[in-house]
Amino acid sequence: MRVGGNVTPQRLAEYNIPTLLLSESCAHMDKTLPAADLNLLYQDIEKLGAIFDKREKSAALVKNWQARIAAISDKVATKKPLNVFLYDSGEDKPFTSGRFAMPDAMMRAAGGRNIMDNLNASWATTSWENVAISNPDFIILLDYGNAGGVDKLKNFLAKHPLMQYTNAVKNQRYLALQYAELTPGPANIPAIERLANALYPELF
């Protein structure tokens with residue numbers, strides 16, 4: 001489903017096909033929403049628990065996830081958040097995640113700060129000048145599973161006239177995460193744990 005497309009909840013309802021929209025996706029329609037947070041994930045899991053009559057299981061999952069995130073928060077509480085940039089793709093302009101996308105919430109949960117948290121979008125393009133001036137300390141590389149894809153992103157950044165001077169590139173501070181780990185779902189939680197470990201290895 002995409003905004004303005006032919007496949008909509010209303011159209012599917014004509015064929016008696018019910019739909020459930022992920023909470024994160026609502027930002028496409030309402031730019032006044034607050035930035036993404038993990039409650040979006042928790043709420044969606046609880047909705048699925050209700051739909052499939054698995055309320056106890058969904059509640060247990062959410063409780064476990066909340067405890068794991070709280071454990072991270074306790075460890076990184078005294079740290080100044082590191083600046084994090086998510087690099088999805090693009091060479092002329094980078095495609096990244098803004099304030100409405102799940103990676104924004106994941107970065108904060110791991111003790112970092114999304115340098116694109118002023119981008120009033122979920123996923124969108126920005127300029128390399130905007131990224132470089134924010135001087136990210138750490139870069140998440142989106143791993144689509146294609147051979148050499150992540151290495152290609154690293155090599156591009158290392159040769160880029162602006163990005164090569166950023167802290168993240170100079171210090172080779174990267175973490176590759178897959179698409180399923182960066183879009184709303186159960187894989188978010190272990191991905192946050194991996195990110196926190198990569199950001200602050202001295203704490204974990």
**Message:** Is the shortest side-chain heavy-atom distance between Arg11 and Ile17 below 4.5 Å?
**Reply:** no
**Request:** Ignoring hydrogens and angles, tell me if any N or O in the side chain of Asn188 forms a donor-acceptor pair with the backbone of Glu181 under 3.5 Å.
**Result:** yes
**Prompt:** Does Pro186 reach the side chain of Leu61, with side-chain heavy atoms less than 4.5 Å apart?
**Reply:** no
**Message:** Atom CD of residue position Glu56 - does it have more than 12 heavy atoms of other residues, nucleotides or ligands inside 6.0 Å?
**Reply:** no
**Fill in**
d(Leu38 CG, Met106 CE) to nearest 0.5 Å is 8.0 Å
**Request:** Evaluate side-chain contact (heavy atoms from CB on, under 4.5 Å) for Phe85 paired with Ile140, printing each intermediate quantity in order.
**Result:** CA-CA 6 Å; Phe85 172 62; Ile140 298 172; over 6 Å; no
**Request:** Mark yes or no for whether Ser122, through its side chain, and Phe100, through its backbone, hold a donor-acceptor pair below 3.5 Å.
**Result:** no
**Complete:** d(Thr126 OG1, Leu119 CG) to nearest 0.5 Å is 6.0 Å
**Message:** For Ile133, I'd like to know if atom CD1 has over 12 heavy atoms of other residues, nucleotides or ligands within 6.0 Å.
**Reply:** no
**Prompt:** Got Val62 and Gln66 here, is their nearest side-chain heavy-atom distance under 4.5 Å?
**Reply:** yes
**Request:** Would you indicate whether Asp92, at its atom CG, is surrounded by more than 12 heavy atoms from other residues, nucleotides or ligands within a distance under 6.0 Å?
**Result:** no
**Hydrophobic cluster membership, Leu40 vs Trp65, 4.5 Å side-chain cutoff** = yes
**Message:** With heavy-atom distances below 4.5 Å as the criterion, would you say the side chains of Ile139 and Val84 are in contact?
**Reply:** no
**Fill in**
When every non-hydrogen atom of Ile45 is compared with those of Ser58, the smallest separation belongs to O-CB, 3.4 Å
**Item:** In one Ile/Leu/Val/Met/Phe/Trp/Tyr side-chain cluster, 4.5 Å: Ile72, Leu182
**Value:** yes
**Message:** Taking atom OH as the centre, does Tyr144 end up with more than 12 heavy-atom neighbours from other residues, nucleotides or ligands that are less than 6.0 angstrom away?
**Reply:** yes
**Message:** I'd like to know if the side chain of Asp137 and the backbone of Asn83 have a donor-acceptor N/O pair within less than 3.5 Å.
**Reply:** yes
**Item:** Flag side-chain contact, heavy atom, 4.5 Å: Tyr174 against Leu153
**Value:** no
**Prompt:** Between CD of Gln172 and NZ of Lys154, what distance do you get to the nearest 0.5 Å?
**Reply:** 6.5 Å
**Asked** Rounded to the nearest 0.5 Å, how far apart are OG of Ser89 and CG of Leu141?
**Response** 11.5 Å
**Request:** Heavy atoms only: give me the nearest Ile69-Ala109 pair and the separation to one decimal.
**Result:** CG2-CB, 4.2 Å
**Message:** Please give me the minimum heavy-atom distance between Gly98 and Asn114, naming the atom from each residue.
**Reply:** O-ND2, 3.7 Å
**Request:** Please report the C-alpha distance between Met116 and Leu86 in whole Å, then the side-chain angles of each, then the deciding distance to 0.1 Å, and finally whether the side-chain contact (heavy atoms from CB on, under 4.5 Å) criterion is met.
**Result:** CA-CA 9 Å; Met116 291 292 116; Leu86 186 147; over 6 Å; no
**Asked** Heavy atoms, side chains only, cut-off 4.5 Å: are Leu82 and Met107 in contact?
**Response** no
**Asked** Are the side chains of Met102 and Thr183 in touch, meaning some heavy atoms are under 4.5 Å apart?
**Response** no
**Request:** On the 0 to 90° scale, with breaks at 30° and 60°, tag the Trp128-Tyr87 ring pair as parallel, tilted or perpendicular.
**Result:** perpendicular
**Complete:** In terms of heavy-atom contacts, Ala110 and Leu199 come closest through O-CD1, 3.7 Å
**Request:** Evaluate salt bridge (charged side-chain N to carboxylate O under 4.0 Å, His left out) for Lys75 paired with Glu202, printing each intermediate quantity in order.
**Result:** CA-CA 10 Å; Lys75 289 185 177 181; Glu202 70 278 11; over 6 Å; no
**Request:** Write down the atom of Gln164, the atom of Lys170, and the distance for their closest heavy-atom approach.
**Result:** O-CG, 3.3 Å
**Main-chain N/O of Asp37 paired with Asp104 side-chain donor or acceptor, under 3.5 Å** = no
**Request:** Find the distance between CG (Leu195) and OH (Tyr200) and round it off to the nearest 0.5 Å.
**Result:** 9.0 Å
**Request:** Can you measure from OG1 (Thr166) to CG (Asn135) and round to the nearest 0.5 angstrom?
**Result:** 6.0 Å
**Message:** Assigning hydrophobic clusters by single linkage (Ile, Leu, Val, Met, Phe, Trp, Tyr; side-chain heavy-atom cutoff under 4.5 Å), is Tyr165 placed with Leu157?
**Reply:** no
**Ser134 side-chain N/O to Asn130 backbone N/O, donor-acceptor pair under 3.5 Å** = yes
**Message:** For the backbone of Ala60 and the side chain of Asn64, can you confirm whether one donor and one acceptor N or O come within less than 3.5 Å of each other?
**Reply:** no
**Prompt:** Do side-chain atoms of Arg68 reach the backbone of Glu193 as a donor and acceptor pair under 3.5 angstrom?
**Reply:** no
**Request:** Determine, stepwise, if the pair Leu177 / Arg194 fulfils side-chain contact (heavy atoms from CB on, under 4.5 Å).
**Result:** CA-CA 9 Å; Leu177 292 174; Arg194 288 178 58 202; 3.5 Å; yes
**Message:** Test side-chain contact (heavy atoms from CB on, under 4.5 Å) on Ile115 and Thr96; report intermediate values, then the result.
**Reply:** CA-CA 10 Å; Ile115 63 168; Thr96 186; over 6 Å; no
**Complete:** Residues Pro81 and Gly112: closest non-hydrogen pair is CB-C, 4.0 Å
**Request:** Evaluate whether atom CG of Asp74 has more than 12 neighbouring non-hydrogen atoms of other residues, nucleotides or ligands under 6.0 angstrom away.
**Result:** yes
**Contact check, side chains of Phe95 and Leu142, non-hydrogen atoms, under 4.5 Å** = no
**Request:** Give a yes or no answer on whether the side chain of Arg173 reaches the backbone of Ala198 with a donor-acceptor pair at less than 3.5 Å.
**Result:** yes
**Prompt:** Cut-off 3.5 Å, side chains only: do Asp88 and Tyr179 have a donor facing an acceptor?
**Reply:** no
**Request:** May I ask you to decide whether Lys93 forms a salt bridge with Glu129, counting only side-chain N to carboxylate O separations under 4.0 Å?
**Result:** no
